[in-house]
Amino acid sequence: MSILKSPFLALCAAAWLSTVSPAFATEPWDTDFLPPVPSWRGASEKLVVKAGDPWATPAELTGLTATPSYDETRAFIDRLVAASPLLRQEVFGVSPEGREMVAVLAAKGLVDGKPDPAKPLLLVQAGIHAGEIDGKDAGLMLLRDITQRGKDGLLDGVNLLFVPIFNVDGHERAGAYNRPNQRGPMNQGWRTTAQNLNLNRDYGKLDAPEMRAMIGLITRYQPDLYLDIHVTDGMDYAYDITFGNDEAPGDDMGAGAPFSPAIDRWLAGPFKAAETEALSKAGHIPGPLVMEADGRKPEGGITGGTTPLRFSVGYGNLAHIPTVLVENHALKPYRQRVLGTYILVERALTLLANQGAALRQAMASDRARRPDPIPVAFEAEKTPSGSIDFKTMRHEDYLSPASGGTEVRWLGRPGPTVRMPVYGDHVSVSVTRPQAYWVPATKPEIIERLRLHGLVLETLDRPRDVTVDSVRLVEPALATEANEGHVMLVKAGYAHETRTVRYPKGSVRVPTDQPLGDLAAALLEAESSESFLAWGFFPEILQRTEYIEPYAIAPLAERMLAASPALKAGFEAKLKADPAFAASPDQRLAWFYERTPYSDAAYLRYPVGREMGR
């Protein structure tokens, strides 16, 4: 049937045609500027129900070319839940625009209304980027088949928790112009939330209410496997379903090694093998995650390494939750991507049912680790650290009259398998593991976020003097543009000294001897690239609030020079090394002021202290 027979699709098309330039007013799903589509047939096509089936999903009614709205998705879920005792629906949050965020639990043998904790639990998350919505429609098909088409045996040994739309507000900012690099669905949601926040940059800092709700859901359900389903950007290649995580060479915290090596071995071993086999048998082409080093040089390499905390895989790595990033290939048709996602999730259920005990053992092993030193920043390698076999698509270079440079033209035909270089990373900063971090009561927004993460905190009921390793920033530099609503600290020196600090009532001690101790370090360590400090949560320390006038500091500085040969030598060395400093009376006098007892002790001092071992 015509896809415009669906009311929601007709409305989508009408809205699109009312705003599009006449030169392009053909069909709202027309993407002929994209590379040609390779033909595809797969056994997974048998998963699509026949026309007229009363339990056809909204997307199936369009031939898997479009996706239903939020209300239509909720209505279909309501029907499924009402028709089956295997399903329970939970509202776990509310978006800034007032939409409920729902999760569907599919389980047998509930214990006190909750999933049996003896069974492993799979969390499947769709639509963190709402235009990348393949997981929603695949999940609705799978829930339908579990409850209405005889696949309830999938739940004999495992529980499923399904979030159909994570970014619910972005989902409703739908349109045909949202993702020009992606082939369907015809009505795509928006990448960011109503607050213009990218949820897949928020796993550490927890700015968005949606992410706070998700972390709360994860904390309550404690998933044994977490699938975060996306659609790629970037170059063309033969694979249609790609997936992966941080892969490491061994148990040491060496180059590119994650914080969860035992989990990593399971994901890189049994999980990868099982999913690759299942997808291949169903007619799909599974592959590794593809983050190209240079989109204009298709065989110039792909990048890997340690994923930062702000992303789902980086969070899972530090929280010791087995987490897999699924990146379906944007240039493959929506139908093909949805069906591949169905196969991947279904196989994850059967694998987890059989290997749940082994995976839980790996999780326990990683949660018991206490690496010392702790890596807190990583740097990309400039030369390849390895290579992989890679299935290419044919392409050619041409001189573009639009760009004035050489661009890539993809030809829509499979190319040769090449040996693709892989660029990893290495630890650029590591720190001695402290016994604990001390966060003052004056930073309640930091303490709140630590609690939301599920960290064990010890709260002071009276003031306490604590000897800590204290950090002062040296010549900090801020980014020139905002990033996710923050102005980030991009460069600084870090001067350490041992001080006794009085922490007021309400301050918290965050011990690192806990399963989430590595996560605490990533959030609180001054030199961590993912810390609250790096994200700009401590702007007050960058502001000097007391001053001294030139008429007072100049004579005092002259007396200091006369009294201290060492200070005089340091000053003269600074004059010689820094011409701009030498030419600035204000900078010269500030240099002396910072070396007097009148200087602001809190200026540039990071208030989170490090309690070291004795």
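- For the 3.5 Å distance criterion, the side chains of Asn328 and Thr341 qualify, holding a donor opposite an acceptor.
- Scanning both residues, Ile285 and Asp240, for their nearest heavy atoms gives N-OD1, 2.8 Å.
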Original post:
Can you list the steps and then say if Leu80 with Trp55 is a side chain to side chain contact (heavy atoms under 4.5 Å, CB included)?
Top reply: CA-CA 9 Å; Leu80 284 173; Trp55 284 105; 3.6 Å; yes
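- A distance of 7.5 Å separates OG of Ser95 from OH of Tyr70, quoted to the nearest 0.5 Å.
- In this structure, Asp425 contributes its side chain and Thr306 its backbone to a donor-acceptor pair below 3.5 Å.
- For the side-chain contact (heavy atoms from CB on, under 4.5 Å) criterion with Phe92, the lone passing option out of Val163, Val102, Ile218 is Val163.
- The only member of Pro58, Pro185, Pro68 that meets side-chain contact (heavy atoms from CB on, under 4.5 Å) when paired with Asp137 is Pro68.
- Note that the NE2 atom of His453 and the CG atom of Leu516 stand 9.0 Å from one another [nearest 0.5 Å].
- Side-chain atoms of Glu275 come within 3.5 Å of backbone N or O of Ala348 as a donor-acceptor pair.
- For the pair Gln222 (side chain) and Thr219 (backbone), a donor-acceptor distance under 3.5 Å is present.
- In this structure a side-chain-to-backbone donor-acceptor pair under 3.5 Å is present from Asn187 to Thr67.
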**OP:** Go through the steps to decide whether Arg179 and Asp233 satisfy the test salt bridge (charged side-chain N to carboxylate O under 4.0 Å, His left out), and finish with yes or no.
**Re:** CA-CA 9 Å; Arg179 285 182 61 79; Asp233 297 301; 3.1 Å; yes
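- Counting heavy atoms from C-beta on, the side chains of Val49 and Arg144 come closer than 4.5 Å.
- Between Glu484 and Arg310, none of the side-chain N atoms (NZ, or NE/NH1/NH2) sits under 4.0 Å from a carboxylate O, so this pair counts as no salt bridge.
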Subject >> Residues His284, Gln336; criterion side chain to side chain contact (heavy atoms under 4.5 Å, CB included); working and verdict >> reply: CA-CA 8 Å; His284 295 274; Gln336 183 177 349; 4.2 Å; yes
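- Aromatic ring orientation, His230 versus His129: perpendicular (interplanar angle above 60°, classes split at 30° and 60°).
- Taking both residues in full, the closest heavy atoms of Ala107 and Asn159 are given as CB-OD1, 3.3 Å, listed atom of the first, atom of the second, then distance.
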**OP:** Start with the C-alpha gap between Ser528 and Leu523, add the side-chain angles, then the distance that decides, and say whether side chain to side chain contact (heavy atoms under 4.5 Å, CB included) holds.
**Re:** CA-CA 7 Å; Ser528 167; Leu523 293 169; over 6 Å; no
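- Inspection of the His171 and Lys136 side chains reveals an N or O donor paired with an N or O acceptor under 3.5 Å.
- Between Ser385 and Glu381, the side chains place no donor N or O within less than 3.5 Å of an acceptor N or O (distance only, hydrogens not considered).
- Between the side chain of Arg337 and the backbone N or O of Arg183, at least one donor-acceptor pair lies under 3.5 Å.
- Put simply, CG on Asp134 and CG on Leu344 are 11.5 Å apart, with the number rounded to the nearest 0.5 Å.
- By the 4.5 Å heavy-atom criterion applied to side chains, Tyr334 and Thr65 are not counted as neighbours.
- The main-chain N or O of Arg173 is found under 3.5 Å from a side-chain atom of Asn178 such that the two form a donor-acceptor pair.
- Heavy atoms from other residues, nucleotides or ligands lying under 6.0 Å from CZ of Arg296 number 12 at most.
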Under 3.5 Å, sequence neighbours excluded: what are the donor-acceptor pairs made by side chains of residues 409-419?
unit_1	atom_1	unit_2	atom_2	d
Arg409	NH1	Glu396	OE2	2.8
Arg419	NE	Ser387	OG	2.9
Arg419	NH1	Asp389	OD1	2.9
Arg419	NH2	Ser387	O	3.1

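- A donor-acceptor contact shorter than 3.5 Å links the side chain of Glu327 to the backbone of Thr232.
- Using a 4.5 Å heavy-atom cutoff, the side chains of Phe532 and Leu206 are not in contact.
- Of the possible donor and acceptor atoms, none in the side chain of Lys332 sits under 3.5 Å from a partner among the backbone N and O of Ile241.
- Shown here are the side-chain hydrogen bond (donor to acceptor under 3.5 Å, both in side chains) partners of Asn167, two or more places apart in sequence or in another chain: there are none.
- When atom types are taken as modelled, the side chain of Asn354 and the backbone of Thr350 share a donor-acceptor pair closer than 3.5 angstrom.
- Counting heavy atoms from C-beta on, the side chains of Asp228 and Phe311 never come closer than 4.5 Å.
- In terms of heavy-atom proximity, Val345 sits nearest to Leu142 at CG1-CD2, 3.5 Å.
- Put simply, the side chain of Leu197 does not reach to within 4.5 Å of the side chain of Met211, judged on heavy atoms.
- Taking all atoms of both residues into account, the shortest heavy-atom contact from Lys391 to Tyr239 is N-OH, 2.9 Å.
- Between Asp202 and Arg212 there is no salt bridge, since no side-chain nitrogen of the basic residue lies less than 4.0 Å from a carboxylate oxygen of the acidic one.
- Side-chain atoms of Asp78 and Gln89 include a donor-acceptor pair closer than 3.5 Å.
- Counting heavy atoms from C-beta outward, Glu132 and Gln188 have side chains that stay 4.5 Å or more apart.
- For Tyr237, the side-chain hydrogen bond (donor to acceptor under 3.5 Å, both in side chains) test picks out no residue, with sequence neighbours left out.
- Note that CZ of Arg99 is 10.5 Å distant from CD of Glu210, once rounded to the nearest 0.5 Å.
- The pair Lys205-Glu530 does not meet the salt-bridge criterion, since no charged nitrogen lies less than 4.0 angstrom from a carboxylate oxygen.
- Separating the CZ atom in Arg201 from the CH2 atom in Trp535 is a distance of 8.5 Å, to the nearest 0.5 Å.
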**OP:** Test side chain to side chain contact (heavy atoms under 4.5 Å, CB included) on Thr323 and Tyr315 and set out the steps.
**Re:** CA-CA 8 Å; Thr323 304; Tyr315 165 75; 5.6 Å; no
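- For the pair Glu277 (side chain) and Ala274 (backbone), a donor-acceptor distance under 3.5 Å is absent.
- Between Leu289 and Gly244, the shortest heavy-atom distance links the atoms CG-N, 3.6 Å.
- In this structure, Glu346 and Asp145 have side chains that are not in contact, with every pair of non-hydrogen atoms separated by 4.5 Å or more.
- Scanning all heavy atoms of the two residues, the minimum distance from Gly93 to Ala213 falls at CA-CB, 3.9 Å.
- Side-chain contact between Leu217 and Gln125: absent, with no pair of heavy atoms (C-beta onward) separated by less than 4.5 Å.
- Taking OH of Tyr203 as the reference point, atom CD1 of Ile215 lies at 6.5 Å (rounded to 0.5 Å).
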